[in-house]
Enquirer: 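The structure's right below; bear with me while I get my questions together.
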Amino acid sequence: MANCEKPVKNIVVLVSGGGTNLQALIEAEKSGEIYGGKISCVISSKEDAYALVRAEKNNIKTRVIPRKNYDNSNEYSEAILAALLEEKADLIVLAGFMTILGEQIIKAFPYKIINVHPALIPSFCGQGFYGLKVHEAALEYGVKVSGATVHFVNEEADAGAIILQKPVEVKNDDTPEVLQKRIMEEAEWKILPKAVSLFCQDKLNIKNGKAYIAE
Ligand code: GAR
């Protein structure tokens, strides 16, 4: 009898740092919140990223492709692309990956790469806005609400179709570190696993360059 069940999607997570978003994905997978997907490999741009330890503790395959070993972004993107093809990635998740991917990767995986950004796009995003810098800019501006965005990755930094967003209150005495932590806890760690699960269930539709969740 034919097996009509959909194959489980291979999720490859790209990281550069602490990996708390990776941890949120691992926990979500363990508790059955990610339907139809499995984290099959974690690729780091840094040898000493704590995210690698998190992956190893959970018996997830790791690969290190250090950015510093490559002369330019094009050569680096070629190396990442080769690894993604070897790993047979169905979905690529940028979870605190601090290198912009070359267009050969975007073209090879259209609407198959998602990123979590620690602000409400289109605020505080694009070239130069990453990690703590995002929160420094939000506090400097004086916004009262910030948050997180999960979006598809296209050729332009932080400009791909938005999948999910969640607002988070900014408080008077926030430092960039305090705001970063609140945004991670209240927004990033929730919407990233949710977006991954929606993708793995084929519940994200693209129309006129925008992403919509299927009813
Ligand atoms: C997260 O806040 C993520 O949104 C941000 O870096 C942090 C990584 O933390 N990503 C960017 O700024 C990308 N533009 P993590 O390694 O603990 O997940």
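Order of listing sets the numbers, starting from 1, for every ligand and every atom in it. This is a predicted model, so every value here is computed, not measured. Computation of the quantities below employed the complete heavy-atom set of this structure, encompassing side-chain atoms and omitting hydrogens, waters and symmetry-equivalent molecules.
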Enquirer: Is there a heavy atom of K133 sitting under 4.0 angstrom from any atom of ligand 1?
Expert: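 K133 does not count as a contact of ligand 1 under the 4.0 Å cut-off.
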Enquirer: For a quick test of reading the model, state the closest non-hydrogen atom pair linking F152 to A211 and the distance between them.
Expert: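 Looks like CE1-CB, 4.0 Å.
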Enquirer: Check if F129 has a non-hydrogen atom at a distance under 4.0 Å from any atom of ligand 1.
Expert: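 Yes, that is the case, since the closest heavy atom of the residue is under 4.0 Å from the ligand.
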Enquirer: How far is atom 8 (C) of ligand 1 from its nearest protein heavy atom, and which residue and atom is that?
Expert: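 For atom 8 (C) of ligand 1, the nearest protein heavy atom is G96 CA, 3.6 Å.
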Enquirer: Can you tell me the protein heavy atom closest to atom 7 (C) of ligand 1 and the distance?
Expert: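 Going by distance alone, atom 7 (C) of ligand 1 is nearest to M184 CE, 4.1 Å.
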Enquirer: Do N115 and ligand 1 have an N or O pair less than 3.5 Å apart?
Expert: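 N/O-N/O distance below 3.5 Å does not exist for this pair.
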Enquirer: What's the shortest heavy-atom distance between L120 and S146, and which atoms?
Expert: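 Residues L120 and S146, closest heavy atoms: CD1-O, 3.4 Å.
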Enquirer: Among protein heavy atoms, which lies nearest atom 14 (N) of ligand 1, and at what distance?
Expert: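 Going atom by atom, the protein heavy atom closest to atom 14 (N) of ligand 1 ends up being H117 ND1, 3.5 Å.
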Enquirer: Can a non-hydrogen atom of G19 be found less than 4.0 Å from any atom of ligand 1?
Expert: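 It does, in that a heavy atom of G19 comes within the 4.0 Å cut-off of ligand 1.
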Enquirer: Looking only at protein heavy atoms, which one is nearest to atom 4 (O) of ligand 1, and how far off is it?
Expert: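 The closest heavy atom on the protein side is E188 OE1, 2.6 Å.
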Enquirer: Is the backbone N or O of N10 less than 3.5 Å from a side-chain atom of D90, with the two atoms forming a donor-acceptor pair by type?
Expert: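 It does hold such a pair.
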Enquirer: Which residue supplies the protein heavy atom nearest to atom 13 (C) of ligand 1, what is that atom called, and how far is it?
Expert: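 Among all protein heavy atoms, the one nearest atom 13 (C) of ligand 1 is V116 O, 4.1 Å.
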Enquirer: Can you list the residues that meet the salt bridge (Lys or Arg N to Asp or Glu O under 4.0 Å) rule with K210, with sequence neighbours excluded?
Expert: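 Per chain and number, K210 pairs via salt bridge (Lys or Arg N to Asp or Glu O under 4.0 Å) with no residue.
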Enquirer: Is the backbone of I121 close enough, under 3.5 Å, to the side chain of Q165 for a donor and an acceptor to pair up by distance?
Expert: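 Pair found, side chain donor or acceptor close to backbone of I121.
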Enquirer: Please say whether H135 places an N or O atom under 3.5 Å from an N or O atom belonging to ligand 1.
Expert: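 No, H135 has no N/O under 3.5 Å of an N/O on ligand 1.
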Enquirer: Check this for me - ligand 1, M98, N or O atoms closer than 3.5 angstrom, yes or no?
Expert: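 N/O-N/O distance below 3.5 Å does not exist for this pair.
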Enquirer: Are the side chain of Y76 and the backbone N or O of I65 linked by a donor-acceptor pair below 3.5 Å?
Expert: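 Flag set: sc Y76 to bb I65 pair under 3.5 Å.
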Enquirer: Under the 3.5 angstrom rule, does the side chain of N58 hit a backbone N or O of I60 as a donor-acceptor pair?
Expert: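 Checking the backbone N and O of I60 against the side chain of N58, no donor-acceptor pair under 3.5 Å is found.
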Enquirer: Around atom 12 (O) of ligand 1, find the nearest protein heavy atom and jot down its residue, atom name and distance.
Expert: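 Result: G131 N, 2.8 Å.
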Enquirer: Quick one: do K68 and E47 make a salt bridge, cutoff under 4.0 Å?
Expert: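 Looking at K68 and E47, the cut-off is met.
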